[in-house]
Amino acid sequence: MKKLLAILLCGLFLLSGMAMAEEPSGTLVVYSPHDASPLEAGVALFEEAYPGIEVQVVAAGTGELLQRIKAESENPLCDVLWGGGADSLAAFKEYFQPYVCANDAVIDEAYKDADDLWIGESPLPMVLFYNRELVSDEEAPKTWQDLLDPKWKGQIAYASPAKSGSAFTQLCTMIFANGGPEGGGWDYVKEFYANLDGKVQDSSGNCHKLVATGEYAIGVTIEKSAVLYAGDDSVGYNYPAGNSAVPDGVAIVKDCPNLENAKLFVDFVTGVECQTEQSTNWSRRPVRTDMDTGDLPPLSELDLCDYDFDWAANNKDVIIETWQDIMVS
């Protein structure tokens, strides 16, 4: 009996040792353009689920982070890019590696790369954000055309599409909503830029903040930033006609140093726990089809333009060059 008990205890000890050995550990480097609070909350939740993994975060604009990933491609330092418009990620697909996440079945095909090189994690409609102390609800812009009104000259906060993924998506949305690249879209952009009066922000995060503080009357921003001001009567926002809902994406960097941890992170941020936390606490739209949008209007209620995802992704360099030509002309 004692011998049998000893064998059983030895077996339990070995099994326990195996379980401990299989516990995920090491490091994970995440590049992210997300706002600080939801970014920190998501990472903290992941570290709570996987206490053996130390997460290192590098925060910057989408454009800057993608260029950094490109520059580091011979010796990758990043494991996962969390955030940034999927059209921006698609333009850098060669620097990512395919992965079918554990939640693939509940993510619509429209929010995934056909080759599984990126996965959408939160659809992002655009909004026209305004300061109610400077702009009444009645006169607040409700369409892209409203932004061309001379009375808003120099009072619109908009980020550089060369540095901000969301600003790039906004630029493409304006083009598609105003006739397309061959039908008047660029003419609209020229007028829009003229109304900015030469003032372009380095970061999309500045746009809603500068409007909230009253430095600008209006800001072109994303829904997830505007809803952070819920309950603040000094600001408001409208969903413009001809909107888009390109998702923020998450992607694993090709030949990254911590591949298994990167896979765990992608599964986690598309999982129920993280998607629920981000939706509940930060009003970020879940990408999962088995979750509702809470207080946010369903996408079916928004006036969405025909967003040509392939054109935006495949012509990003030309689009940015054209924008920069407009700036110096």
Side-chain angles (χ1 to χ4, degrees), residues 31-39 42 59-69 81-92 111 118-130 141 144 147 156-177 189 192-193 196 199-212 216 218-229 237-240 242-251 269 278 282-285 287 296 299 302 304-305 307-309 311-313 315-316 319-320 323:
Y31 286 3
S32 180
H34 283 325
D35 288 337
S37 294
L39 169 60
T62 304
E64 181 181 341
L65 292 173
L66 286 169
Q67 290 296 337
R68 185 166 176 167
I69 289 171
L81 175 65
W82 181 28
D87 46 3
S88 294
L89 272 61
F92 285 75
Y111 300 126
W118 57 263
I119 305 161
E121 51 99 13
S122 178
L124 287 174
M126 301 302 167
V127 301
L128 306 181
F129 193 60
Y130 60 97
W144 299 115
L147 296 178
I156 304 171
Y158 175 67
S160 167
K163 298 181 179 181
S164 164
S166 58
F168 176 77
T169 302
Q170 289 156 9
L171 174 63
C172 293
T173 303
M174 293 180 205
I175 292 170
F176 296 138
V189 173
F192 172 70
Y193 178 72
L196 296 179
K199 301 174 184 177
V200 179
Q201 304 303 312
D202 289 332
S203 166
S204 59
N206 287 342
C207 294
H208 60 90
K209 294 173 185 175
L210 292 172
V211 172
Y216 283 80
I218 300 163
V220 182
T221 190
I222 44 182
E223 178 188 62
K224 71 174 183 179
S225 296
V227 297
L228 296 178
Y229 295 86
Y237 62 92
N238 293 315
Y239 293 92
N243 211 327
S244 63
V246 173
D248 262 352
V250 58
V269 298
Q278 293 281 299
W282 310 107
S283 297
R284 301 194 68 227
R285 284 180 181 268
V287 74
L296 301 174
L299 292 179
L302 303 183
L304 300 179
C305 70
Y307 194 96
D308 189 337
F309 190 91
W311 181 82
N315 295 282
K316 182 168 185 178
I319 295 167
I320 295 299
W323 163 262

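The structure displayed is predicted, hence computed values, not measured ones.
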Would a line drawn from the ring center of F176 to the ring center of W311 be shorter than 6.0 Å?
-> yes
The reported gap from CD1 in I320 to CG in L171 (rounded to nearest 0.5 angstrom) is 6.5 Å
Over all heavy atoms of both residues, which pair between A313 and A90 is shortest? Give the atoms and the distance, please.
-> CB-CB, 3.6 Å
Salt bridge (charged side-chain N to carboxylate O under 4.0 Å, His left out) between K224 and D248, intermediate numbers included = CA-CA 11 Å; K224 71 174 183 179; D248 262 352; 2.9 Å; yes
Would you check if the distance from the ring center of W323 to the ring center of Y193 is below 6.0 Å?
-> yes
Applying the ring-ring contact (aromatic ring centres under 6.0 Å, His included) test to W118, which of W82, F92, F309 qualifies?
-> F309
Are D87 and K316 close enough for a salt bridge, meaning some N to O gap below 4.0 Å?
-> no
Centres of the Y237 and Y229 rings: under 6.0 Å?
-> no
Nearest-0.5 Å distance that lies between atom CD in E64 and atom OG1 in T62 | 10.0 Å
Validation row: S166, S204 side chains within 4.5 angstrom (heavy atoms) = yes
I319 versus C172, closest heavy-atom pair with distance | CD1-SG, 4.0 Å
Beyond-backbone contact of T221 with V127, side-chain heavy atoms, under 4.5 angstrom | yes
Would a distance-only check, ignoring hydrogens and angles, find a side-chain to backbone donor-acceptor pair under 3.5 Å from S88 to G84?
-> no
Please report the closest heavy-atom contact between Y31 and R68, naming both atoms and the distance.
-> OH-NE, 3.2 Å
Polar side-chain atom of S32 near backbone of H34 as donor-acceptor pair, under 3.5 Å = yes
How about P141 and I218: do any of their side-chain heavy atoms sit closer than 4.5 Å?
-> yes
Verify the distance criterion only: is there a donor paired with an acceptor across the side chains of Y111 and E121 at less than 3.5 Å?
-> no
Can you tell if the side chain of L124 reaches within under 4.5 Å of the side chain of T169, non-hydrogen atoms only?
-> no
Looking only at heavy atoms, the pair that brings S160 and V200 closest together is N-CG1, 3.3 Å
Which heavy atom in L89 sits nearest to a heavy atom in L66, and how many Å separate them?
-> N-CD1, 4.4 Å
S244 OG to M174 CE distance, which is reported to the nearest 0.5 Å = 10.0 Å
Is it true that W144 and Y158 have ring centroids separated by less than 6.0 Å?
-> no
Nearest non-hydrogen partners of G242 and A177, listed with the distance | O-CB, 3.5 Å
Working to the nearest 0.5 Å, report the span between CH2 of W282 and CG of L39.
-> 10.5 Å
Is there a donor-acceptor pair closer than 3.5 Å between any side-chain N or O of Q278 and the backbone N or O of S283?
-> no
Pick from K209, K199, Q201: which one makes a side chain to side chain donor-acceptor pair (under 3.5 Å) with Y216?
-> Q201
Is a side-chain N or O of N243 found less than 3.5 angstrom from the main chain of M126, in a donor-acceptor match?
-> yes
Would a 4.5 Å heavy-atom cut-off, applied to side chains only, mark I222 and R284 as touching?
-> no
Roughly how far apart are S164 OG and D202 CG, rounded to 0.5 Å?
-> 10.5 Å
Answer yes or no: is there a side-chain heavy-atom contact under 4.5 Å between V220 and I156?
-> yes
Dump the intermediate steps for side-chain contact (heavy atoms from CB on, under 4.5 Å) on I69 and L81, then the final yes or no.
-> CA-CA 9 Å; I69 289 171; L81 175 65; 4.2 Å; yes
Passes salt bridge (charged side-chain N to carboxylate O under 4.0 Å, His left out), E223 versus R285? Steps please.
-> CA-CA 9 Å; E223 178 188 62; R285 284 180 181 268; 2.8 Å; yes
